[in-house]
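Counting starts at 1 for both ligands and their atoms, following the listed order. Throughout, residue positions are numbered sequentially from 1 according to the sequence presented. Computed from a prediction, not measured in an experiment: that's the story for all the values here.
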Amino acid sequence: MAYFDGVGKIQFEGKGSDNPLAFKHYNPKEVVLGKTMEEHLRFAVAYWHTFTYEGADPFGANNAIRGWGNLSGMDLAKARVEANFEFLEKLGVPFYCFHDRDIAPEGSTLQETNKNLDVIVDLLKQNMKTSGKKLLWNTANMFTNPRFVFGAGTAVNADVYAYAAAQVKKGLEVGKELDSENYVFWGGREGYETLLNTDMALELDNLARLFHMAVAYAKEIGFDAQFLIEPKPKEPTKHQYDFDAATTISFLQKYGLTDHFKLNLEANHATLAGHTFEHEIRVAAINGMLGSLDANQGDMLLGWDTDEFPTDLYSTTLTMYEVLRAGGIGRGGVNFDAKVRRGSFEPDDLFLGHIAGMDTFAWGLKAAAKITEERVLDSILDERYRSFREGIGLDIVSGKATLASLEQYALQNNPIKNESGRQERIKLVLNEIIYSV
Ligand code: XLS
Ligand code: NI
Ligand code: NI
């Protein structure tokens with residue numbers, strides 16, 4: 001059965017095309033700085049936003065028109081698998097991502113839930129074999145079920161913690177079965193509402209214990225995926241522990257987990273934390289922690305995670321510039337953790353949303369490549385920090401300088417001369433590059 005009958009394979013037609021169901025910038029085989037766009041971007045479709053979510057918001061019911069909308073239970077789960085592979089094939093996206101509960105319904109016991117999962121995992125495996133599509137990452141949903149009201153790895157109740165551990169164990173087995181590239185931990189409810197009833201130290205120690213157990217179990221079963229933590233500052237809890245990249249890295253350092261984890265960074269989570277996406281990527285990259293990206297964008301007028309498809313060229317350019325600067329995204333990818341707006345309820349909108357995101361990223365990649373190739377920003381840095389390549393600056397960076405030697409220098413160095421940072425000029429240059437590629 002086909003769920004997207006009206007849509008054929010999405011082709012690259014180039015800038016002149018006025019076909020909405022075609023790419024104008026994403027040309028998978030086009031080589032940019034020595035790699036194809038497909039290799040640079042490693043796009044993934046998020047199962048939950050595309051096949052599980054059907055338009056509900058806190059004020060309104062499901063309204064999306066979906067070919068599987070009249071089904072329920074395991075029939076629905078199976079239909080979504082078919083829809084997923086048809087969609088990946090037509091869109092030409094190599095990867096997908098899911099939470100355990102996106103793909104199969106929970107049963108009345110953990111045994112039954114795992115059995116449901118096994119049936120769907122088998123089906124996914126068969127489809128992956130015939131289609132060549134791959135799993136970028138899987139994760140455990142430890143936030144929707146009411147049992148997780150006070151968290152999972154940071155639960156206040158050891159029984160809930162044990163349940164979460166069982167779920168992670170199963171998730172790792174599923175990841176191995178499907179040969180996943182990465183395994184993600186997003187701390188859905190790992191946070192708190194009020195410190196008045198929260199033992200923060202115990203919760204964080206317990207979370208680290210869960211991660212250590214996961215590392216040990218992955219090793220035991222020979223699952224060699226990259227582990228990723230996805231920071232987010234708030235929502236659903238008022239304060240999420242993995243607030244941002246810097247906080248998460250210091251957590252991993254404190255608990256001796258840096259060798260096993262990297263970060264999965266999300267654009268809308270960055271802005272909720274008061275950062276740009278490029279800031280988060282830079283923080284991860286300079287600490288050797290850049291793992292993967294959840295591509296989306298927020299709305300600066302709203303205070304929550306709106307998970308919109310990324311259409312802001314300025315942001316995708318700077319994002320891809322950071323990725324190129326870091327030497328690429330490695331085993332990670334660009335996962336569209338994005339959903340169509342409730343008003344975009346027709347099945348074609350799923351394609352149009354992804355095409356918008358993919359074209360905006362491809363365009364950003366081309367602009368970022370130009371910035372890199374022409375050393376536009378590198379030459380600014382060379383010039384701006386040149387005082388650290390000779391004389392007293394070289395003494396500082398080589399570790400030769402002391403407070404006394406610097407005092408001696410400062411006492412005779414008068415006056416100090418600074419130079420303009422020229423950021424307005426740089427931003428105009430950036431605009432010119434973005435619109436020239
Ligand atoms: C929610 C998160 C979530 C993760 C996976 O805000 O972005 O979707 O990516 O659990
Ligand atoms: Ni995400
Ligand atoms: Ni999110």
Side-chain angles (χ1 to χ4, degrees), residues 42-53 56-58 95-103 135-145 148 151-154 164 167-168 170-172 174-175 180-191 207 210-211 214 225-245 248 261-275 277 280-281 284 290-299 302-310 315 319 329 332-341 353-354 357:
R42 293 169 61 84
F43 285 130
V45 168
Y47 211 91
W48 54 102
H49 285 311
T50 306
F51 306 109
T52 316
Y53 170 73
D57 70 11
F95 294 100
Y96 70 112
C97 301
F98 63 77
H99 303 80
D100 46 8
R101 304 302 175 245
D102 304 330
I103 60 167
L135 188 58
L136 185 65
W137 52 259
N138 65 311
T139 184
N141 174 334
M142 305 195 294
F143 45 89
T144 300
N145 191 291
F148 298 118
T154 62
Q167 214 176 311
V168 168
K170 184 70 182 170
L172 297 176
V174 166
S180 190
E181 302 270 315
N182 305 274
Y183 185 86
V184 166
F185 292 88
W186 168 59
R189 290 186 193 273
E190 316 294 21
L207 185 59
L210 183 65
F211 290 152
Q226 173 66 56
F227 278 3
L228 302 172
I229 294 186
E230 182 176 326
K232 184 176 184 180
K234 54 188 164 196
E235 199 202 19
T237 72
K238 185 175 78 174
H239 182 100
Q240 301 270 133
Y241 288 132
D242 299 324
F243 194 93
D244 61 1
T248 307
F261 284 81
K262 288 186 174 168
L263 302 184
N264 180 39
L265 300 164
E266 178 167 322
N268 204 163
H269 298 182
T271 50
L272 286 176
H275 304 306
F277 199 18
E280 290 292 85
I281 299 171
L290 177 58
S292 197
L293 301 179
D294 268 8
N296 59 21
Q297 72 188 26
D299 186 319
L302 302 174
W304 61 91
D305 200 13
T306 61
D307 288 345
E308 294 169 37
F309 277 94
S315 172
T319 296
I329 199 65
V334 175
N335 169 49
F336 289 106
D337 195 347
K339 59 173 181 268
V340 288
R341 297 305 86 190
H354 282 86

> Do the side chains of F98 and V174 get nearer than 4.5 Å, heavy atoms only?
yes
> Among protein heavy atoms, which sits nearest to atom 8 (O) of ligand 1, and what does the distance come to when rounded to 0.1 Å?
D337 OD2, 3.1 Å
> Does a donor on one side chain sit under 3.5 Å from an acceptor on the other, for N296 and D337?
no
> For D337, what is the atom name of its N, O or S atom nearest to the Ni ion (ligand 2)?
OD2
> Could you tell me if the side chain of R42 sits less than 4.5 Å from the side chain of E181, heavy atoms only?
yes
> Would one find an N, O or S atom of E266, in either backbone or side chain, under 2.8 Å from the Ni ion (ligand 3)?
yes
> Relative to the Ni ion (ligand 3), which of the N, O or S atoms in D305 is the closest?
OD2
> When you compare ligand 1 with W137, is there at least one nitrogen or oxygen pair between them that comes in under 3.5 angstrom?
no
> Measure up the F211 and F261 rings against each other and bin them: parallel (under 30°), tilted (30 to 60°), perpendicular (over 60°).
tilted
> Does some side-chain heavy atom of D102 sit less than 4.5 Å from a side-chain heavy atom of F51?
no
> If you look at E230, which of its N/O/S atoms is nearest to the Ni ion (ligand 2)?
OE2
> Who's the nearest protein heavy-atom neighbour of atom 2 (C) of ligand 1, and how far?
E230 OE2, 3.2 Å
> Can you find a pair of side-chain heavy atoms, one from E230 and one from E266, that are under 4.5 Å apart?
yes
> Is the closest side-chain heavy-atom distance between R341 and T306 below 4.5 Å?
yes
> Which residue supplies the protein heavy atom nearest to atom 10 (O) of ligand 1, what is that atom called, and how far is it?
H99 NE2, 2.6 Å
> Heavy-atom contacts with K232 under 4.0 Å: which atoms of ligand 1 show up? List them by number with element.
1 (C), 6 (O)
> So if I count the atoms of ligand 1 from 1 in the order they appear, which ones are less than 4.0 Å from some heavy atom of W48?
8 (O)
> Given W186, which of W48, Y241, F143 fulfils the ring pair (Phe, Tyr, Trp, His ring centres under 6.0 Å) condition?
F143
> Should D294 be listed as contacting ligand 1, given a heavy-atom distance under 4.0 Å as the test?
yes
> Quick one: do the N138 and D100 side chains pair a donor with an acceptor below 3.5 Å?
no
> Is any N or O atom of W186, backbone or side chain, closer than 3.5 Å to an N or O atom of ligand 1?
no
> Please confirm if an N, O or S atom belonging to D294, backbone or side chain, lies less than 2.8 Å from the Ni ion (ligand 3).
no
> Does H269 reach ligand 1 with a nitrogen or oxygen that is under 3.5 Å from one of the ligand's nitrogen or oxygen atoms?
yes
